[in-house]
2 protein chains.
Amino acid sequence: MLSKKTKYGLKALTFIVNSEGEKPVQVSAIAKNEQIPQKFLESILLTLRKSGVLGSKKGKHGGYYLRKEPHEILMTEVMRVLEGPIAMVPCVSLNYYEKCDDCVDEESCSVHMLMAKVRDSALNVFRNTTLADLSLKKTENILK
Amino acid sequence: MLSKKTKYGLKALTFIVNSEGEKPVQVSAIAKNEQIPQKFLESILLTLRKSGVLGSKKGKHGGYYLRKEPHEILMTEVMRVLEGPIAMVPCVSLNYYEKCDDCVDEESCSVHMLMAKVRDSALNVFRNTTLADLSLKKTENILK
DNA sequence: GTAATTCCTATTAAATTGATAGGAATAATA
DNA sequence: TATTATTCCTATCAATTTAATAGGAATTAC
C-alpha cells in the first residue's frame, strides 16, 4: 500500500506546481485545498525540503516552492524521499542494498529474481515520469 | 516492502516445485530447508490452500502439493493471495476498487495517474511470470 | 491405538503509520 | 519595537498491521 505520507506529498507537490507564481505556497493553503491534516503535512513538506526537492521561506508570507522546474523533478527522487526504496526487498535495492540473512545464494533465489523484475518495471515508470506529467489533467494527457 | 508472508510463501512454493514427485511435501521439511518459522509457515500454506493454489493431504505422510502445473500458476494469482491487491491504492485496483473519500475528480488526480502506471507495470511482470520461471536457476535462465 | 500430520482459533509482541501537541525560530510589516 | 504569520523542531500518542507463538482438534497411515 502507498502510505498516506506519499499520497499527501504527491498531492502537495502537484498543488504547488499548479499554484505557479513567484510567491511561496503556504502549508495552510495546501492542507485546506487538498484535505490533508495540516500538522502532518508540515512534517511531509519538511522532509521534501530537507531532501532538496522543495525550498522554503520562513516567517510571514513564507511558504514552500520548487527548487527545480517541474519537468526536472523525477518520480524516482520523489518516491525515494517519501516512500523509501523503490525495491520491495533490500536485496534488490540499487540505493539501499542489504543482503538477506537467510538466502544462501542470491542468484538462485526465486524471490530475488521476481522482485528484481518488479523493481525494474517500477523504475521504468518513475524514471519516465516527472512532476510536470503529474500536474497535467487527463484531457491534456490525451492531447499530448 | 514485501511482507515476510509473501517472501516465505514464494520460497515455499518454489521448494515444492523443486521437490517434484508425487508425494506431498511437509511443512516441517519446507520450514527447515528455507529457514522459516514452522507455525508461521503453516498459516501461510493454509492460505494458499484455501485460495486453490495448493492442495493438501492430512495425517501421517500428509503435506502440500500444487493443484496445477508450475507453468500454469501465474504470479498475479500468487501475489494477490499472499500480498493482497497489486495496486498500491484502492482507487486504481482492478479487483478491489474503492473510491477515495478525498479526491474529487479521479481523472485529474495526480496520485491516481501515477499509480495506475505502476500497477500496469507490475501486472505486466506478474502476468508474464509463472511459478515455473521462479524455480529456474539463473544459469538456466540465461540459457533460456 | 499410536504417531504424524494438517487444520483452526486465539493471543501476543513488535514495528510502522498516521496524527497531534506545543512551542522555538524567523521574517514581514504596522 | 511589537505583533502577527509562518516554518521548524521534538516529542508523544493512538491505531493498525505484521510476525510470530501456543495449544489443541481433526485426520490419516500403519
Side-chain angles (χ1 to χ4, degrees), chain A residues 1-12 16 19 22-32 34-67 81-85 88-90 100-102, chain B residues 1-12 16 19 22-32 34-67 81-85 88-90 100-102:
Chain A
M1 277 285 292
L2 192 75
S3 67
K4 295 251 181 178
K5 181 180 176 184
T6 302
K7 186 180 178 185
Y8 293 160
L10 289 171
K11 287 194 168 200
I16 292 172
S19 312
E22 292 310 299
K23 286 173 286 186
V25 184
Q26 288 151 18
V27 176
S28 57
I30 305 172
K32 190 180 171 193
E34 299 292 337
Q35 319 221 51
I36 303 171
Q38 180 160 342
K39 275 292 193 177
F40 192 14
L41 181 57
E42 262 184 41
S43 71
I44 295 167
L45 296 184
L46 217 41
T47 306
L48 286 166
R49 196 218 58 188
K50 283 178 181 166
S51 79
V53 175
L54 291 178
S56 69
K57 194 182 166 216
K58 283 191 197 172
K60 202 168 188 178
H61 301 170
Y64 289 92
Y65 53 88
L66 299 176
R67 294 283 298 277
V81 169
L82 293 173
E83 193 74 7
M88 291 180 80
V89 284
C100 300
D101 347 330
D102 43 324
Chain B
M1 277 286 291
L2 193 76
S3 67
K4 296 250 180 178
K5 182 180 176 184
T6 301
K7 186 180 179 185
Y8 293 161
L10 288 171
K11 288 195 166 198
I16 292 173
S19 312
E22 292 309 299
K23 287 174 285 184
V25 184
Q26 289 151 17
V27 177
S28 57
I30 305 172
K32 191 181 170 192
E34 299 291 338
Q35 320 220 52
I36 302 171
Q38 179 158 343
K39 276 291 190 176
F40 192 16
L41 181 58
E42 263 184 38
S43 71
I44 295 167
L45 296 184
L46 216 42
T47 305
L48 286 166
R49 197 218 57 190
K50 284 178 179 165
S51 78
V53 175
L54 291 176
S56 69
K57 195 180 164 217
K58 283 190 198 172
K60 201 169 190 176
H61 300 172
Y64 289 92
Y65 53 88
L66 299 177
R67 296 283 299 278
V81 169
L82 293 173
E83 192 73 5
M88 291 180 81
V89 283
C100 302
D101 347 330
D102 44 324

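Every chain is numbered from 1, with letters handed out A, B, ... down the list of sequences. Keep in mind that the numbers below use all heavy atoms, side chains included, and drop hydrogens, waters and symmetry copies.
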J.: Show every salt bridge (charged side-chain N to carboxylate O under 4.0 Å, His left out) that has at least one partner inside residues 38-60 of chain A, sequence neighbours left out.
T.: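 Qualifying pairs: A:Lys39-A:Glu42.
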J.: Could you tell me the separation between the NZ atom of B:Lys32 and the P atom of C:dT5, rounded to a whole number of Å?
T.: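 Distance check: B:Lys32 NZ to C:dT5 P gives 12 Å.
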J.: How long is the line joining CD1 of A:Ile36 and P of C:dA19, in whole Å?
T.: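 Going from A:Ile36 (CD1) to C:dA19 (P), I get 10 Å.
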J.: I want to check something: taking the side chain as every heavy atom from C-beta on, are B:Met1 and A:Pro85 in contact at a cut-off of under 4.5 Å?
T.: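 No - every pair of side-chain heavy atoms lies 4.5 Å or more apart.
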J.: Starting at the 5' end of DNA chain C, which residue's closest nucleotide do you reach first, A:Ser43 or A:Lys60?
T.: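 Upstream on the strand: A:Ser43.
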J.: Taking atom P of C:dT5 as reference, at what distance in whole Å does atom OH of B:Tyr65 sit?
T.: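 Computing the B:Tyr65:OH to C:dT5:P distance gives 17 Å.
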J.: All N/O contacts under 3.5 Å from nucleotides 8-14 of chain D to the protein, with atom names and distances to one decimal?
T.:
residue, atom, partner, partner atom, Å
D:dC8, OP1, A:Arg49, NH1, 2.6
D:dC8, OP1, A:Ser56, OG, 2.4
D:dC8, OP2, A:Tyr64, OH, 2.4
D:dC8, N4, A:Glu42, OE1, 2.6

J.: Of all heavy-atom pairs between B:Gly63 and B:Pro24, which one has the smallest distance, and what is that distance?
T.: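 Minimum heavy-atom contact is C-CB, 3.5 Å.
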J.: In whole Å, I'd like the distance from the CE atom of A:Met1 to the P atom of D:dT18.
T.: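 That distance rounds to 10 Å.
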J.: For A:Glu83 and A:Ser3, which I'm curious about, is there any donor-acceptor pair between the side chains at under 3.5 Å?
T.: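 Yes - a donor-acceptor pair under 3.5 Å links their side chains.
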J.: Rounded to whole Å, how long is the line connecting atom NZ of B:Lys4 with atom P of C:dA14?
T.: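 Rounding to the nearest Å, NZ of B:Lys4 and P of C:dA14 are 15 Å apart.
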J.: DNA chain C: B:Gln26 or A:Ser3, which has the more 5' nearest nucleotide?
T.: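 It is B:Gln26 whose nearest nucleotide is closer to the 5' end.
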J.: What heavy-atom pair brings B:Leu41 and B:Val27 nearest, and what distance separates the two atoms?
T.: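 Nearest heavy atoms, B:Leu41 then B:Val27: CD2-O, 3.8 Å.
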J.: Just how far is it from atom NZ of A:Lys4 to atom CD1 of A:Ile44, taken to the nearest 0.5 Å?
T.: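 One finds 10.5 Å between NZ of A:Lys4 and CD1 of A:Ile44.
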J.: Measure NZ/B:Lys7 against C1'/D:dA20 and give the value in whole Å, please.
T.: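 Spelled out: NZ on B:Lys7 to C1' on D:dA20 is 15 Å.
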J.: What integer distance in Å separates B:Leu41:CG from C:dT6:C1'?
T.: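 Going from B:Leu41 (CG) to C:dT6 (C1'), I get 12 Å.
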J.: Check whether any side-chain nitrogen or oxygen of A:Tyr8 sits under 4.0 Å from OP1 or OP2 of C:dA19, and answer yes or no.
T.: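 Affirmative; the distance criterion is met.
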J.: Is there a side-chain contact between B:His61 and the phosphate of C:dT5, meaning an N or O under 4.0 Å from OP1 or OP2?
T.: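 Checking B:His61 against C:dT5: no side-chain N or O falls below 4.0 Å of OP1 or OP2.
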J.: Given atom CE of B:Met88 and atom P of C:dT17, what is their separation to the nearest angstrom?
T.: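 So the two atoms are 11 Å apart, to the nearest Å.
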J.: Any non-hydrogen side-chain atom of B:Leu48 less than 4.5 Å from a side-chain atom of B:Leu82?
T.: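 Yes. Closest side-chain heavy atoms under 4.5 Å.
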